[in-house]
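Take a look at the structure below.
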Amino acid sequence: MQTKTVTMLLAGALACGLAAVPVAGNAQDKPSRITMLSGSPGGSWYPISAGIAEALGGAGIDTRVEQGGGGSNILNISAGRAEAGFGLTTLNYVAKQGGGVFKKPVEGVMGLTVLFKQIAHTVVTKESGVTSYDQLKGKRMASQPVSNGSTAIFRDTLTAYGLNGEEDLNIVVRGSPSAGANAVKDRQAIGFILTTSPPTSAVLEVAQALDIRLLPISDNAFANLSKANPGYSRGVIPGGTYEGIPEDVVSVGDDTILMTHPGVSEDTAYWIVRGFAEQLPQIHKVHPALSKLSVKDMAGVQVLDLHPGAVKYYKEAGAM
């Protein structure tokens with residue numbers, strides 16, 4: 001079996017353009033190598049993608065992981081620059097409508113598998129006195145890049161509370177979750193946001209350094225979110241996940257999925273999904289968010305059409 005390779009590129013690699021990695025010439029064979037777009041350091045996508053790549057390597061699919069982000073992954077997958085990429089259901093809905101940071105409707109993105117549910121984390125220091133979203137107006141906050149899925153969810157939630165998105169806040173830092181965490185620890189910002197599967201290192205680090213709270217999202221705000229984007233679902237951050245927060249925090253959730261594009265052959269998509277499913281015992285160990293994933297769960301991609309190769313496997317497996 002060929003050596004498994006996982007290459008984590010430095011920030012900014014996407015801006016330089018990604019070269020698609022060729023797959024096996026014989027359509028009946030497994031792909032010899034694929035590229036998978038991940039996330040940025042400090043979030044859950046970054047380490048999870050490395051674990052998935054290792055598992056796919058165990059299935060005979062050599063997988064190269066490259067750093068990315070929610071919005072940029074959608075655009076790069078649509079352009080055919082990689083065979084697979086992490087994405088968010090809600091952000092794919094926005095992309096299909098041509099809303100938000102997308103200048104026009106994005107086509108050519110298809111689903112391979114559901115990975116796990118992410119939960120929106122809005123972290124603020126207790127010393128800030130902020131206890132709800134409607135108190136964030138004018139506050140110094142750290143956010144993520146404008147094309148990031150976490151940023152889109154944050155903007156939507158602010159709007160659901162009657163605020164004018166991030167324009168009503170004082171965004172002092174824009175970068176990765178790690179950058180946001182550092183801004184809070186350095187007292188540049190009173191809080192930061194990320195959408196991730198708990199627990200996540202950026203929030204754990206801040207909770208060890210400062211007293212924090214996670215802002216809940218009310219039923220009324222969630223109703224507004226659901227009207228605006230059907231990709232949203234309820235999500236709960238269990239009490240005790242982070243130091244000093246013993247109670248459950250009710251937030252919003254969003255499925256993280258693995259995306260592809262129509263230029264990927266049916267056989268390649270089939271083997272990616274099959275290899276993933278056959279390696280589920282290993283993938284369950286990658287992160288708690290993946291610990292109960294089933295083949296039936298994998299097939300539950302919303303908003304996007306499944307790639308025909310994925311459909312072929314799910315039908316064979318009795319998952320659809």
Are [Y] and [X] connected in a single hydrophobic cluster, I mean Ile/Leu/Val/Met/Phe/Trp/Tyr linked by side-chain heavy atoms less than 4.5 Å apart?
{"X": "Val249", "Y": "Leu158", "answer": "no"}
{"X": "Leu293", "Y": "Met320", "answer": "yes"}
{"X": "Leu290", "Y": "Leu280", "answer": "yes"}
{"X": "Tyr93", "Y": "Tyr232", "answer": "no"}
{"X": "Val124", "Y": "Val173", "answer": "no"}

Between [atom1] on residue [X] and [atom2] on residue [Y], distance to nearest 0.5 Å:
{"X": "Ile48", "Y": "Ser38", "atom1": "CD1", "atom2": "OG", "result": "8.5 Å"}
{"X": "Ile193", "Y": "Met141", "atom1": "CD1", "atom2": "CE", "result": "7.0 Å"}
{"X": "Leu210", "Y": "Arg187", "atom1": "CG", "atom2": "CZ", "result": "4.5 Å"}
{"X": "Leu136", "Y": "Asp168", "atom1": "CG", "atom2": "CG", "result": "10.5 Å"}
{"X": "Asn182", "Y": "Glu205", "atom1": "CG", "atom2": "CD", "result": "7.5 Å"}
{"X": "Leu214", "Y": "Ile245", "atom1": "CG", "atom2": "CD1", "result": "3.5 Å"}

Discussion item. Taking the ring centre of each residue, are Tyr242 and His121 less than 6.0 Å apart?
Written reply: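 Close enough - the centres of the two rings lie under 6.0 Å apart.
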Compare all side-chain heavy atoms of [X] with those of [Y] and state whether any distance is below 4.5 angstrom.
{"X": "Leu37", "Y": "Phe86", "value": "no"}
{"X": "Thr241", "Y": "Pro238", "value": "yes"}
{"X": "Lys137", "Y": "Leu169", "value": "no"}
{"X": "Phe276", "Y": "Met298", "value": "yes"}
{"X": "Gln118", "Y": "Trp45", "value": "yes"}
{"X": "Pro177", "Y": "Gln144", "value": "yes"}
{"X": "Ile257", "Y": "Leu112", "value": "no"}
{"X": "Tyr46", "Y": "Ser40", "value": "no"}

Just by distance, do the side chain of [X] and the backbone of [Y] share a donor-acceptor pair under 3.5 Å?
{"X": "Asp62", "Y": "Arg33", "value": "no"}
{"X": "Gln135", "Y": "Thr131", "value": "yes"}
{"X": "Asp305", "Y": "Met110", "value": "no"}
{"X": "Thr113", "Y": "Leu115", "value": "no"}
{"X": "Glu83", "Y": "Thr35", "value": "yes"}
{"X": "Arg140", "Y": "Gln188", "value": "yes"}
{"X": "His261", "Y": "Ala84", "value": "no"}
{"X": "Ser251", "Y": "Ala120", "value": "yes"}

Test: [X] and [Y] ion pair at under 4.0 Å:
{"X": "Asp297", "Y": "Lys117", "answer": "no"}
{"X": "Arg174", "Y": "Glu166", "answer": "yes"}
{"X": "Glu54", "Y": "Lys285", "answer": "no"}

Practice prompt. Kindly determine whether Asp267 and Arg274 satisfy salt bridge (Lys or Arg N to Asp or Glu O under 4.0 Å), including the steps that lead there.
Written response: CA-CA 10 Å; Asp267 289 290; Arg274 177 172 169 175; over 6 Å; no
Ignoring hydrogens and geometry beyond distance, is a side-chain donor-acceptor pair present between [X] and [Y] at under 3.5 Å?
{"X": "Asn229", "Y": "Thr90", "answer": "no"}
{"X": "Tyr270", "Y": "Glu316", "answer": "yes"}
{"X": "Ser132", "Y": "Asp134", "answer": "yes"}

Exercise: identify the closest heavy-atom pair between [X] and [Y]:
{"X": "Val295", "Y": "Ala277", "answer": "CG2-CB, 4.0 Å"}
{"X": "Glu243", "Y": "Ala207", "answer": "O-CB, 3.9 Å"}
{"X": "Met36", "Y": "Ser49", "answer": "CE-O, 3.4 Å"}
{"X": "Leu204", "Y": "Pro199", "answer": "CD1-CB, 4.2 Å"}
{"X": "Val109", "Y": "Ser78", "answer": "CG2-CB, 3.8 Å"}
{"X": "Pro145", "Y": "Thr151", "answer": "O-OG1, 2.8 Å"}

Item to complete: Output, in order, the C-alpha distance, side-chain angles, deciding distance and verdict of side chain to side chain donor-acceptor pair (under 3.5 Å) for Ser44 and Thr196.
Response: CA-CA 6 Å; Ser44 58; Thr196 187; 2.9 Å; yes
Worksheet item: Is the His287 ring parallel, tilted or perpendicular to the Phe116 ring (thresholds 30°, 60°)?
Response: parallel
Discussion item. Angle between ring planes, Tyr133 versus Tyr161, binned at 30° and 60°: parallel, tilted or perpendicular?
Written reply: parallel
Discussion item. Which residue is it: Thr195, Leu91, Thr122? I am looking for the one with a side-chain contact (heavy atoms from CB on, under 4.5 Å) to Ser150.
Written reply: Thr195
Worksheet item: Among Asn148, Val203, Ile119, Ile153, whose side-chain contact (heavy atoms from CB on, under 4.5 Å) with Leu194 holds?
Response: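 It is Val203; the other options fail the test.
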Discussion item. Checking Lys96 against Val106 for the side chain to side chain contact (heavy atoms under 4.5 Å, CB included) test, could you report, in this order, the C-alpha distance in whole Å, the side-chain angles of both residues, the deciding distance, and whether it holds?
Written reply: CA-CA 5 Å; Lys96 289 182 73 172; Val106 178; over 6 Å; no
Discussion item. If you count heavy atoms of other groups shown closer than 6.0 angstrom to CD of Glu107, is the number above 12?
Written reply: no
Discussion item. Applying side chain to side chain contact (heavy atoms under 4.5 Å, CB included) to His307 and Val264, what does each step give before you reach the verdict?
Written reply: CA-CA 9 Å; His307 192 287; Val264 168; 4.2 Å; yes
Practice prompt. Check the pair Arg155 / Val101 against side chain to side chain contact (heavy atoms under 4.5 Å, CB included), numbers first and verdict last.
Written response: CA-CA 11 Å; Arg155 287 195 301 261; Val101 298; 4.0 Å; yes
Worksheet item: Is there a side chain to side chain contact (heavy atoms under 4.5 Å, CB included) between Val123 and Val184 once you walk through the steps?
Response: CA-CA 9 Å; Val123 182; Val184 173; 5.8 Å; no
